[in-house]
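Treat the numbers as computed from the prediction; the structure is a model and nothing was measured. Counting starts at 1 for both ligands and their atoms, in listed order.
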Amino acid sequence: MIQSVRGTKDILPEDIHLWNFVEGVLKEKSKRYGYSELRTPVFEKTEVFVRSIGEETDIVNKEMYSFPDRSNESITLRPEGTAPLVRAVIQNSLIQQSNLLRLWYYGPFFRYERPQKGRQRQFHQYGAECIGSDYPESDAEIISLACDILKGVGIKNFNVLINSLGNNLSREKYRKELIAYLSKHLLELSEDSQRRFEKNPLRVLDSKDEKDIMITKSAPSILDYLDKESIEHFEGVKNILSKIKIDFIIHPKLVRGLDYYNHTVFEFQSSELGAQDSIGGGGRYNQLFAEFGAKQTPAVGFAFGIERLIIILDKLIEKDKLIQKPDVFIVSSLTPDDDYYLALLKKLRNMDLIVITDLNRRSFKAQMKESNRIEAKYAILLGEDEKKTNSISLKRLEDGFQQILSVDSIGSFNFVNK
Ligand code: HAM
């Protein structure tokens with residue numbers, strides 16, 4: 001038997017209701033905040049990601065699905081959505097048309113990671129990006145949208161961690177201090193962190209290794225190196241979040257795994273998730289447009305991992321409640337090409353009802369059993385008698401109550417509310 005690729009999952013009909021529910025909330029909340037959907041291809045030229053996410057990040061170094069296509073161009077299955085979206089905004093001149101863009105995206109993403117609970121090689125993200133404002137109110141809007149989505153799907157227990165990486169000047173100053181501190185402990189650091197120290201020292205702060213955590217506990221804090229502009233921006237974000245009653249935890253070691261961030265970075269965490277506790281994250285990326293050769297354009301955004309939302313919701317939501325049961329099952333002893341039967345079927349389907357029929361020519365009794373098994377609201381019993389009198393026999397399956405309806409009165413019968 002051919003199996004699916006490691007780290008990928010089929011989403012089965014029994015789970016799709018939860019996905020549809022989440023997708024509905026994502027769309028609804030995006031609309032309420034005035035965000036429009038933008039869809040980019042699932043693959044891009046590799047340089048789109050190398051240039052933006054950063055050559056020394058885990059994603060670019062070891063997690064990208066990159067391959068030469070048949071004309072030997074290096075192509076990459078998108079590992080994230082921000083860089084492709086920025087590419088699309090520049091290429092389609094969207095920012096010239098409007099000085100503020102509110103955009104969202106949703107779909108599959110790909111990272112070659114070791115699969116575990118909440119971590120797959122094909123996973124799904126919803127992301128929102130607010131492009132064209134350098135003011136803290138845009139950071140606050142993005143964080144507020146994310147929190148509204150979490151509450152909208154019914155997740156109340158989550159933490160909002162925030163930090164500021166400051167502007168380039170502040171970060172450079174901090175980087176030097178951090179290097180000076182870490183170099184004193186270099187040989188005690190884990191192998192991974194020693195490598196990171198060389199290439200991207202801020203990422204050492206992100207290490208999950210216990211010894212690294214001990215060492216970085218006394219490391220200098222980035223918040224002590226922010227200049228006036230960076231402090232003002234961070235204070236502005238925190239002030240609005242407090243006023244709109246979004247609780248947050250300041251986490252000076254939060255640096256995120258992508259290089260394009262400056263100023264505000266944030267993450268949404270849930271203890272329900274175990275090791276992979278991040279439901280989503282994001283931050284401000286004021287330099288990314290310039291990295292792509294476009295005019296410098298301030299922007300801020302975030303993305304949720306949908307599989308992780310689903311893991312939490314699976315425990316919270318009674319999935320049965322999300323399933324829409326059929327309104328009608330037709331139990332018929334007429335032939336499948338009978339004109340009366342076919343006309344009735346058409347009429348019912350035009351009433352926007354969920355109408356199910358038997359396609360295996362089973363006996364009347366077996367069809368009746370099936371109507372109960374699938375928990376239809378009504379069974380419509382159809383035979384020569386009904387055909388002759390231009391009527392149907394309608395049976396409410398919950399209590400067996402049966403009545404005769406003329407075909408003409410079907411249109412005004414309320415099938416939906418029993
Ligand atoms: P990220 O933190 O790399 O940020 O990913 C966002 C979320 O995607 C994670 O918090 C996690 O829930 C989910 N995720 C990532 N990798 C996997 C995986 N292998 N399996 C399952 N879920 C995963 C970004 O991607 C940025 N583009 C977010 C952003 C938008 N920043 C600004 N705008």
Starting from [atom], what is the nearest protein heavy atom, named by residue and atom, and what distance separates them?
atom                    : value
atom 13 (C) of ligand 1 : Gly305 CA, 3.5 Å
atom 15 (C) of ligand 1 : Arg111 NH1, 3.5 Å
atom 32 (C) of ligand 1 : Gly301 O, 3.2 Å
atom 31 (N) of ligand 1 : Tyr261 OH, 2.6 Å
atom 26 (C) of ligand 1 : Tyr260 OH, 3.4 Å
atom 1 (P) of ligand 1  : Arg256 NH2, 3.6 Å
atom 11 (C) of ligand 1 : Arg308 NH1, 3.4 Å
atom 20 (N) of ligand 1 : Gln120 N, 3.0 Å

Element-labelled atoms of ligand 1 that are located less than 4.0 Å from some non-hydrogen atom of [X]:
X      : answer
Gly281 : 28 (C), 29 (C)
Ile279 : 10 (O), 12 (O)
Glu80  : 25 (O), 26 (C), 27 (N)
Glu129 : 30 (C), 32 (C), 33 (N)
Leu258 : 3 (O), 4 (O)
Phe123 : 14 (N), 15 (C), 16 (N), 17 (C), 18 (C), 19 (N), 20 (N), 21 (C), 22 (N), 23 (C)
Phe302 : 29 (C), 30 (C), 32 (C), 33 (N)
Gly282 : 31 (N)

Exercise. Where does the angle between the aromatic ring planes of Phe268 and Phe266 fall among parallel (under 30°), tilted (30 to 60°) and perpendicular (over 60°)?
Worked result: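 Phe268 vs Phe266 ring planes: perpendicular.
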Exercise. Parallel, tilted or perpendicular: which fits the ring planes of His233 and His263, with parallel below 30° and perpendicular above 60°?
Worked result: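 If you compare the ring of His233 with that of His263, the planes turn out tilted.
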Exercise. Just going by heavy-atom distances, which of Glu113, Gln125, Gln269 is nearest to atom 6 (C) of ligand 1?
Worked result: Gln125
Problem set entry | Donor-acceptor pair, side chain of Asp259 and main chain of Ser52, under 3.5 angstrom | no
Exercise. Checking Arg396 side chain against Lys377 main chain: does a donor-acceptor pair fall under 3.5 Å?
Worked result: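 Checking the backbone N and O of Lys377 against the side chain of Arg396, no donor-acceptor pair under 3.5 Å is found.
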Residues [X] and [Y] bridged, charged N to O under 4.0 Å:
X      : Y      : value
Glu232 : Lys228 : yes
Lys45  : Asp69  : no
Lys176 : Glu172 : no
Lys173 : Asp227 : no
Glu267 : Arg256 : yes

Any luck finding a side-chain donor-acceptor pair between [X] and [Y] under 3.5 Å?
X      : Y      : answer
Ser144 : Tyr33  : yes
Thr335 : Asp338 : no
Glu141 : Tyr35  : yes
Ser190 : Asp212 : yes

For this session: May I ask you to check whether Tyr105 has an N/O atom sitting below 3.5 Å from an N/O atom of ligand 1?
Result: no
[X] near ligand 1, heavy-atom distance under 4.0 Å?
X      : value
Glu307 : no
Gly280 : yes
Gly118 : yes

Problem set entry | Under-4.0 Å heavy-atom contact with ligand 1, by part of Val300 that carries it | neither
